[in-house]
Amino acid sequence: MRSKSVPWGINPSVLLAAPFLALVIVAALWPSLLATADPLATSLPEALQPPSSEHFWGTDQTGRDVWSRVVFGTRFSLVVGCGSAFGAALIGGAMGISLGLAPRWIDGILLRAVEVLMAFPDFLIALIVLAVLGSGPKNVAIAVLIGAVPAYIRVARAETLTRLQTGFVQASTLLGRNRWHVALHHIVPTTVRSLLVLATIGVGTGIVTAAGLSFLGLGTQEPAPDWGLMLAGSRNKLSQAWWLALFPGLAIIGTVLSVSVLSRAVQGRQDFRGHLRVSSRRSRGWLHRDELSR
Amino acid sequence: MTPISPRSNRSRQVHVIARAVLLRLGGLVVVLWGTVTLAFFALKLVRGNPVDIMLGTHGQIAPSRRAEIESDWGLDLSWGEQYIRYVVRVLSGDLGTSYQLRKPVAQIIGDQLVPTLQLSATALLIATLLVSLGALLGRRRWMRRVLGTVELVAVSAPIFWTALLLLTVFSFALGWFPVSGSRGLNSLVLPAVTIAIPVSAMVGQMLRQGIERAEAEPFIETVRARGVGPGRLLTHHTLRHAANNTLTLGAYIAGSLVGGAVLVETIFGRSGLGRVMLTAILGRDIPVVLGAILVIALVFVVVNTAVDVLSAVIDPRLSGSFVGASLVVAGER
């Protein structure tokens, strides 16, 4: 795959995405800096007010400030998104590398098991995991992580197999290095690097999956602020209060978009061997970015 | 992987394809068996005694009656025995009985399959139209930029949010479509469009990447030099090259729609397989969850196997090596 990459400073989408993501991170770390009201404070006289100077994303059924609730909901979304993506990359990576290095018959059997898991969309796996674990925010995080693992196993295994064919690995084997040396010094570093880039894209997927599970009422429970839960609450008021659905959704889209724009920018700058290239404008994408979605 | 031989003779090719198909079918059976096994034991870990689940919250019964129910449902056997019994029953087409609805699982799922397939098919149709439109529009460079941005936004938008927006605009503000329900063609439009938006964006991205990659190949220069215009170049040359990965992704998505439409079905109040599964999961109705998982996996592997075979027809370079979708990944390099 070849992508036209533009250096960091010039690409307008990066210029938009980076500050936005910075804002999201601030909201996750210090929500009270950005929030204008207590996210839990109800005030029935002020219920369902459209956006105004006082409540600039309006208020919900019980008069809570939508902006503040979105701000306070950031932390959970971001923690689940990052935690599930990087956790899944770690677990899936370890499993995939071992699979790639394992004797062929073990690889063959376990690969089938992975294919079984791949037959289900992330969301459905997460749902099944929740059926076993029971609902709740912590279990949602675990479920999203488990749902994401199969894709990483597959990528890590494919990467490992490719690396085994490369000249430097074969040279190392010919030099008499044992399997463990080759694995630790040649396979793991390169594969981990590619998985990390892939995981940055997975952050967005994780956020959306977690929001979807919360939306179904399986995650965070009222009155805690949560993006998916806020959207679920907006369903009954769609005809009267468009702002209830619009703004939490924009928060999700904005976060997911900026994460994926930035990770693509990083991916575009990454050389075949994983070194950052500064001078060259042409990049050699070495990992299919749609790998995650399959 | 397998070396590519451009000039293999016909009979050998047929032999290779037949072998690959057989291998695929074998793999298909293994995947389904694996699914049943994994799901069966995973769902054994669900907390709560099945008898309590059957009784609901208000149930209080004598211990003797409880033992009777357990032996009726085979719940007093060991997990291994229960598993063997289940597999044997599944092979004879019996998916068990629902804890809560007391109806055969096969019947429950059968009832829901029609609305699910309707929704999936309509969504795929709309998505195909959108993708073709994108490919046609994307002949110009600046248009590709625009399309790329639109696709990125469409992929990032959570499907339940798109659904809510469409509902707000087209059902509440304009009143064109019903708010919920699964009766009539009119109620099919919004859910199908909701699903088609991210699907077409994902597939469109893949297709355009493929077209761009094909355009960078030297043979395209030759074709251009012969005076072939951009339209014909697309339909006769680059599209065929790009079609393969696109089709694989499309099949993956199509296969996952059957169970993946849970959110959309819930929002639009449609009946369907995803919805049944969600209800069963919430109610810990394990036989139904198991049955739904099996059917979803079946649809998925059948669709994907069919497309794997089809892609060998589209791209003859693959015919020697289409044993698994994993080869598509390896073939990238």
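Below, read A as the first sequence line, B as the second, and so on, with proteins coming before strands; counting in each chain starts at 1.
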**Student:** With B:Val264 as reference, evaluate B:Leu257, B:Ile159, B:Thr162 under the side-chain contact (heavy atoms from CB on, under 4.5 Å) test and give the passing residue.
**Tutor:** B:Ile159
**Student:** For chain B, which candidate among A:Ile128, A:Ile207, A:Val259, A:Thr255 shows the most heavy-atom pairs at distances under 4.5 Å?
**Tutor:** A:Ile128
**Student:** Heavy-atom pairs under 4.5 Å with chain B - which of A:Gly134, A:Ala245, A:Ser260, A:Pro248 has more of them than the others?
**Tutor:** A:Ala245
**Student:** State, yes or no, whether a side-chain contact exists between A:Ile125 and A:Pro150 at a heavy-atom distance under 4.5 Å.
**Tutor:** yes
**Student:** When you compare the side chain of A:Trp227 with that of A:Ser214, does any pair of heavy atoms fall below 4.5 Å?
**Tutor:** no
**Student:** In terms of heavy-atom pairs under 4.5 Å with chain A, which of B:Trp33, B:Trp161, B:Phe172 leads?
**Tutor:** B:Trp161
**Student:** Quick one: does A:Asp226's side chain have a donor or acceptor within less than 3.5 Å of a partner on A:Thr220's backbone?
**Tutor:** no
**Student:** Measure B:Leu282 against the heavy atoms of chain A and call it side chain, backbone, both or neither at under 4.5 Å.
**Tutor:** side chain
**Student:** Whether the side chain of B:Arg275 engages the backbone of B:Arg270 through a donor-acceptor N/O pair (distance < 3.5 Å, no angle test) should be reported.
**Tutor:** yes
**Student:** Which word best sums up how the rings of B:Phe41 and B:Trp79 line up, parallel for under 30°, tilted for 30 to 60°, or perpendicular for over 60°?
**Tutor:** tilted
**Student:** Let's test your reading of the structure: which of A:Leu127, A:Thr209, A:Val261, A:Leu133 forms the most heavy-atom pairs below 4.5 Å with chain B?
**Tutor:** A:Leu127
**Student:** Can you tell me if B:Gln100 uses its side chain to pair, donor with acceptor, with the backbone of B:Gly283 under 3.5 Å?
**Tutor:** yes
**Student:** Side chain from CB out, backbone as N, CA, C, O: work out which of these in B:Ile286 comes under 4.5 Å of a heavy atom of chain A, or both, or neither.
**Tutor:** neither
**Student:** Of the backbone (N, CA, C, O) and the side chain (C-beta and beyond), which part of B:Val153 lies under 4.5 Å from a heavy atom of chain A, both, or neither?
**Tutor:** both
**Student:** Among A:Leu218, A:Val208, A:Leu257, which has the most heavy-atom pairs under 4.5 Å with chain B?
**Tutor:** A:Leu257
**Student:** Do A:Ile97 and A:Glu159 come close enough that some side-chain heavy atom pair is under 4.5 Å?
**Tutor:** no
**Student:** Heavy-atom pairs under 4.5 Å with chain A: which of B:Leu32, B:Thr37, B:Thr35 has the most?
**Tutor:** B:Thr35
**Student:** Checking heavy atoms, do the side chain of B:Leu164, its backbone, both or neither come under 4.5 Å from chain A?
**Tutor:** both
**Student:** Select one option (side chain, backbone, both, neither) describing which atoms of B:Leu45 are under 4.5 Å from chain A's heavy atoms.
**Tutor:** both
**Student:** Among A:Val129, A:Leu250, A:Val132, who wins on heavy-atom pairs under 4.5 Å with chain B?
**Tutor:** A:Val132
**Student:** Please state whether the side chain, the backbone, both or neither of A:Ser234 comes within less than 4.5 Å of a heavy atom of chain B.
**Tutor:** side chain
**Student:** May I ask you to decide if A:Leu130's main-chain N or O and A:Asn139's side chain share a donor-acceptor pair within less than 3.5 Å?
**Tutor:** no
**Student:** I'd like to know whether B:Leu263 forms a side-chain contact (heavy atoms from CB on, under 4.5 Å) with A:Phe123, so could you lay out the CA-CA distance, the side-chain angles of the two residues, the decisive distance to 0.1 Å, and finally the verdict.
**Tutor:** CA-CA 10 Å; B:Leu263 284 164; A:Phe123 191 76; 3.7 Å; yes
**Student:** Using a cut-off of under 4.5 Å on heavy-atom pairs, state which of B:Val30, B:Leu165, B:Val31, B:Val301 scores highest against chain A.
**Tutor:** B:Val31
**Student:** Is chain B contacted by the side chain of A:Leu231, its backbone, both, or neither, given a heavy-atom distance below 4.5 Å?
**Tutor:** both
**Student:** Relative to chain A, which segment of B:Val289 carries a heavy atom at a distance below 4.5 Å: side chain, backbone, both, or neither?
**Tutor:** neither
